[in-house]
Amino acid sequence: MQHLGHTRSSLKHDHLLQTPDTFVRTALNSAPGVEFIIHAAPQLGAEFTQFTAEFAPNGTLAPAPAQRFLYVLEGELTLSIDSHQHTLTEGHFAYIPEATPHTVTAVTKSRAAIIEKPYELTSTSEAPKLIIGNQANVPAAIAVPGDDALRVQPLIPDAPAHDFAVNIMTYDPGAALPMVEIHIMEHGLLMLQGSGIYRLGDHWYPVQAGDFIYMAPYCPQWFGALGKQAAKYLIYKDSRRHPLGE
Ligand code: UGY
Ligand code: MN
């Protein structure tokens, strides 16, 4: 509920913090039974799109115009691909290479985080393959040597075929990024659990589960987890491509 025009949401030249009180849903003609919150898109300056798709039972996603990554937040979806049907429930994810015919249909009322990006082919990259997984089965690596309070689960392998990464980062209460990062890569970030303080540019924001953040290239960034529960976020990052193209 908004109070007298106040919100934690903030749009600055190098970042967007979008909190659920400011989400506006939109339908797309090609996706009956699905509503979208479009968090990041070229209109914002991003080179990818990220949205939350909210499915009514039997709601169906439009075909992807690009590579598609999907992470189930809630409910049950059926991914049909190559005459196989995959049941995806909370924590399951799929990476679908560009130009791969498939359908995604909701069995029950569901929500999913969806990231789409045009594929950047290089002469040294092999074609990426379909990936289907469950975040519960992805081993967590220690993100910073000597600090097991900050862990990272790579949902897409770091391999030349891929031009983006999606990771889940988990911070025990009190854990923090060891440095302020400033890098060319963009981020789309969805807070899955917990809370903390995000530094974006020269601003420090309280953030919590449900919030979305877009970080433009070179946006100074830092996070520290607060509260009694571990903080967890799903984070997109472009990777492995020369800034000038090949
Ligand atoms: O991979 C990353 O760049 C990550 N450490 N950034 C972040 O969490 N803001
Ligand atoms: Mn980063």
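One-based numbering, in listed order, for ligands and for the atoms of each.
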For this session: Inspect the contact between Arg25 and Glu54 and indicate whether a charged nitrogen and a carboxylate oxygen are less than 4.0 angstrom apart.
Result: yes
For this session: Pick out which of Arg199, His15, His187 makes a side-chain hydrogen bond (donor to acceptor under 3.5 Å, both in side chains) with Gln221.
Result: His187
Exercise. Near Ile235, which atoms of ligand 1 are under 4.0 Å from a heavy atom of that residue?
Worked result: 6 (N), 7 (C), 8 (O), 9 (N)
For this session: Write out the residue and atom name of the closest protein heavy atom to atom 2 (C) of ligand 1, then the distance separating them to 0.1 Å.
Result: Lys237 NZ, 3.3 Å
Exercise. Can you name the closest pair of heavy atoms from Thr49 and Ala41 and give their distance?
Worked result: CG2-CA, 4.1 Å
Seminar exercise, completed: NE2 (His187) to the Mn ion (ligand 2) to OE1 (Glu181), nearest 10°, is 180°
For this session: Run the contact test for Tyr233 against ligand 1 with a 4.0 Å cut-off on heavy atoms, strictly below, and give the result.
Result: yes
For this session: Assess Gln221: does it contribute an N, O or S atom lying under 2.8 Å from the Mn ion (ligand 2)?
Result: yes
Problem set entry | Pair Lys117 + Asp163, salt bridge at N-O below 4.0 Å | yes
For this session: Give the residue and atom name of whichever protein heavy atom lies nearest to atom 6 (N) of ligand 1, and the separation in Å to one decimal.
Result: Glu181 OE1, 3.0 Å
Exercise. When rounded to the nearest 0.5 angstrom, what is the spacing between CD in Glu76 and OG1 in Thr89?
Worked result: 7.0 Å
For this session: Look up atom OH in Tyr171 and atom CG in Leu226, then write down how far apart they are to the nearest 0.5 Å.
Result: 12.5 Å
Exercise. Does Tyr198 come within less than 4.0 angstrom of ligand 1, counting non-hydrogen atoms of the residue?
Worked result: yes
Exercise. For atom 7 (C) of ligand 1, which of Gln221, His183, Met179, Glu186 has the closest heavy atom?
Worked result: Gln221
